[in-house]
Structure formats: C-alpha cells, structure tokens
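Throughout, protein chains are lettered first and strands after them, A, B, ... in sequence-line order, and every chain is numbered starting at 1.
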Protein chains: 2
Amino acid sequence: MNIGEVATASGVSAKMVRYYEHVGLIAPAPRTEAGYRVYGQREMHLLQFIRRARDFGLPMERIKQLVALWGDDNRASRDVKRLALQHVAELRSKVAELNAMANTLKELADQCHGDSRPDCPILRDLSGNEHRVTQVPKTGRGFRDRLAG
Amino acid sequence: MNIGEVATASGVSAKMVRYYEHVGLIAPAPRTEAGYRVYGQREMHLLQFIRRARDFGLPMERIKQLVALWGDDNRASRDVKRLALQHVAELRSKVAELNAMANTLKELADQCHGDSRPDCPILRDLSGNEHRVTQVPKTGRGFRDRLAG
DNA sequence: GATGGGGCTTCCCACCATGGGAAGGTCAAG
DNA sequence: CTTGACCTTCCCATGGTGGGAAGCCCCATC
C-alpha cells in the first residue's frame, strides 16, 4: 500500500502518518526505489489502533506506551489494564471538574434576570466576587490546557 | 501600575497581558515617555475578569464577547445570560462525551485479566473490533480538538 | 556621578497535533 | 507522450503559553 491507501484504510491522514513516523510513534516505512513509503496490513492495523486510541482521548504519551505493548507479544495484560484504568481515572476527574464549572455557571445564570436591564450576577461574579457557589480550580491555566496535558 | 504589578495583582502573567493587548482582547495601554505600559484599577479588574472566565473554561471567542458586555453599561443581562447558558450546554455535552469514553474504556478494562498473560481485550478492541460497548464519536479528530475548538 | 540589578520593551523560538500549500519527482491510464 | 493523480520534502499557521536574548530605563546605593 502507498501512504494514501493506508491513510484511507486506517482513517489517519497521510500527513499524520508521516508525522507519526517522524516522532517515532511508528517505525520508518520501507521505501520503493522512487522513495515512496510502502505499508502492509500490520501497519494499517497499527494506524487504526492509534486512531482509535486518539478517539478515546488518550494522550500521545500513553498511546506510545500502548503501541509498544501492542507490538510486544510478551506483554502482560496487567500493563495494558493499568494504562487504561489510569486514563479512565483521568477522564472521570475531568468530568467532575467540567460538571462543577457547568453547575456554577448554571446557578449564576439562573440568578440572572435575562432581560434588558444591565445588572447581571454573572458579570459581578466574574469581576471578583469571592463568594463562589461551587469550587473552581484556582490554577492560572484553563481546563483546556490540563486536558491537552 | 506597571505591567508587572498589574500581572501580580490580576493573576495574569505579563506575557499574557501583552498577548491579550496584541490580539485585541484588551485596549492598548497608554505608555509612559519611556514606553512603559501603564494600568489602572479598571484594567486590573478586567484582567481578573478574563482570568476567571478562563478558569471557567470559556473559549477566547466567548470571552471577547463577555469583555465587550463587561465594558458596556447599556448591556442587556439577556445577552450575558445567553452566552453563559450556551457555555453550560457545551460543557454538559462534553461531560457526556467524556463519560461515554470513560465507561467504554472501563468496561474493556473490566474484561481484561490484568495478569501476566498477554491476551487483553483492550488491545483487541483498539485494534479494530467493531462491537463497541459504548458509542464513541467516529470523527477522525480526538475529543481534545473539539474541546479546544 | 557612576554602577549594578531588576524591570520594561520588542522580537524570535518552542510546544502539540494538525492542516495548507509550494516545488518537484513518479506512476498509471489514455 | 501527455495528463492528472499521487508521492516526496520543506515551510508556515494555528492558539495560548512560556523561555530567552538584546537593548533601554529607573532607582538605589556607593
């Protein structure tokens, strides 16, 4: 398979296939005389595997570890399970955090008239009222950064 | 206040204060003869406001709108409420999505022996078994992108 | 008055995963 | 042989943030 074929078959763009090779996530593909990358079924499956792991929201670092286990016939399922459960725990904690944000914001919105008057408790709260309804993380960085890890 | 002072007082780094000015989120600060930026209480509060909105996970685009409303004495609370509820809805849908991922991964992990044997349903599933336990989005991009979008 | 240190300025670089696009080589179908 | 689709490498942009360099400025201390 050419890179375009393996891209279509695996659902990973050709750009990303080259990128994954570049950063060492997948082994350098053998080349034809003209320099074209050549892939087989195994590489196609590996790329599908990576794409699914991405869909699960797994960070690249963890995917690297899983890829290593994937290619290792002597792996222990313990290691795989550990990585998976670690990610489950992180997802759960992010869920809790986002829920807290949503709840706080919802409560504030409920207290807002929502009419043509300018007075609004949402802006008052954002402007520095310390009587928070729900705990919001105090770190300087937004949750997206922590999600992106 | 100098930029360093307003940074400390607001909890936004000096770098980010310049960045916010650069991208038009805050108005260009007046300068001393030597070119130093000068800030007052109002700017400090605005920066606190922005930082809090970031802590809430609000995307920059929405923060821009809120900042405009914040500085507008004639604003309608309706507009603020609409933006807040919009963000609540998005947070809730992200929560649901992350929960689905966590559930699927958890179920797979539960089916994994977790011992020294190599066989593991997690890797089998990631490798292309289509009998998904829980719906996972089929888009090619991971959830982080959608979250950040 | 000179000197030193810390703060300010601008500008460039890096991150990460991804896409866009240009310039140039290759392959296959007509 | 031509044409068009595909491949190659290389550079650039994103967005929010930090790091750092080069150079200017201000204040305090000697």
Side-chain angles (χ1 to χ4, degrees), chain A residues 1-26 28-39 43 47 49-67 137 139-149, chain B residues 1-26 28-39 43 47 49-64 67 137 139-149:
Chain A
M1 278 184 286
N2 279 339
I3 197 170
E5 293 168 306
V6 82
T8 305
S10 67
V12 176
S13 72
K15 282 267 189 190
M16 290 313 295
V17 174
R18 295 194 196 96
Y19 172 74
Y20 289 154
E21 176 179 317
H22 179 67
V23 299
L25 187 57
I26 62 180
R31 307 289 188 111
T32 65
E33 285 192 4
Y36 283 25
R37 289 176 179 82
V38 178
Y39 299 90
E43 286 71 32
L47 286 168
F49 175 92
I50 292 171
R51 193 180 81 78
R52 281 175 179 276
R54 296 285 297 134
D55 284 350
F56 266 99
L58 283 149
M60 290 306 285
E61 197 41 52
R62 202 103 80 212
I63 294 180
K64 276 187 190 173
Q65 299 174 298
L66 282 173
V67 166
T139 76
R141 312 174 66 209
F143 78 99
R144 282 188 232 72
D145 309 316
R146 265 166 283 133
L147 271 174
Chain B
M1 276 186 288
N2 279 340
I3 198 171
E5 294 168 305
V6 82
T8 306
S10 68
V12 177
S13 74
K15 280 267 189 191
M16 289 313 295
V17 174
R18 294 196 195 95
Y19 173 73
Y20 288 154
E21 176 179 316
H22 179 67
V23 300
L25 187 56
I26 62 180
R31 307 291 187 110
T32 66
E33 286 191 3
Y36 283 26
R37 289 177 180 81
V38 178
Y39 300 90
E43 286 72 31
L47 286 167
F49 175 92
I50 292 170
R51 195 179 80 80
R52 281 174 179 277
R54 295 286 296 136
D55 285 349
F56 266 100
L58 282 150
M60 290 306 285
E61 198 40 55
R62 202 104 79 210
I63 294 180
K64 275 186 191 174
V67 166
T139 74
R141 312 174 66 208
F143 78 98
R144 281 189 234 74
D145 309 316
R146 265 166 284 131
L147 272 173

Calculate the interatomic distance between [X] atom [atom1] and [N] atom [atom2]; express it in whole Å.
X       : N      : atom1 : atom2 : value
A:Ile3  : C:dC27 : CD1   : C1'   : 16 Å
A:Tyr20 : C:dC16 : OH    : C1'   : 11 Å
A:Leu25 : C:dT18 : CG    : P     : 10 Å
B:Glu33 : D:dC26 : CD    : P     : 9 Å
A:His22 : C:dC16 : NE2   : P     : 11 Å
B:Glu5  : C:dC8  : CD    : P     : 7 Å
B:Glu61 : D:dT14 : CD    : C1'   : 14 Å
A:Asp55 : C:dT18 : CG    : C1'   : 15 Å

Under-4.0 Å side-chain N/O to phosphate OP1/OP2 contact, [X] with [N]:
X       : N      : answer
B:Ser13 : D:dG18 : yes
B:Tyr36 : C:dC8  : no
A:Arg31 : C:dT26 : no
B:Arg51 : D:dG16 : no
B:Arg37 : C:dT9  : yes
B:Arg18 : C:dT9  : yes

How long is the gap from [atom1] on [X] to [atom2] on [Y], to the nearest 0.5 Å?
X       : Y       : atom1 : atom2 : result
A:Arg52 : A:Leu66 : CZ    : CG    : 14.0 Å
B:Ile50 : B:Glu43 : CD1   : CD    : 10.5 Å
A:Ile3  : A:Lys15 : CD1   : NZ    : 10.0 Å
B:Leu47 : B:Leu25 : CG    : CG    : 8.5 Å

*Closest nucleotide of DNA chain C for A:Thr32 versus for A:Val23: which of these residues is on the 5' side?*
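Going by which nucleotide is closer to the 5' end, it is A:Val23.
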From the list [options], which nucleotide is the closest neighbour of the side chain of [X]?
X       : options                : result
A:Tyr19 : C:dC8, C:dT9, C:dT18   : C:dT18
A:Lys15 : D:dC26, C:dG19, D:dG16 : C:dG19
A:Met16 : C:dT9, D:dT17, C:dT18  : C:dT18

_Those residues that, when tested against A:Arg18, pass salt bridge (Lys or Arg N to Asp or Glu O under 4.0 Å) (two or more places apart)_ =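 With neighbours one apart ignored, the set is empty.
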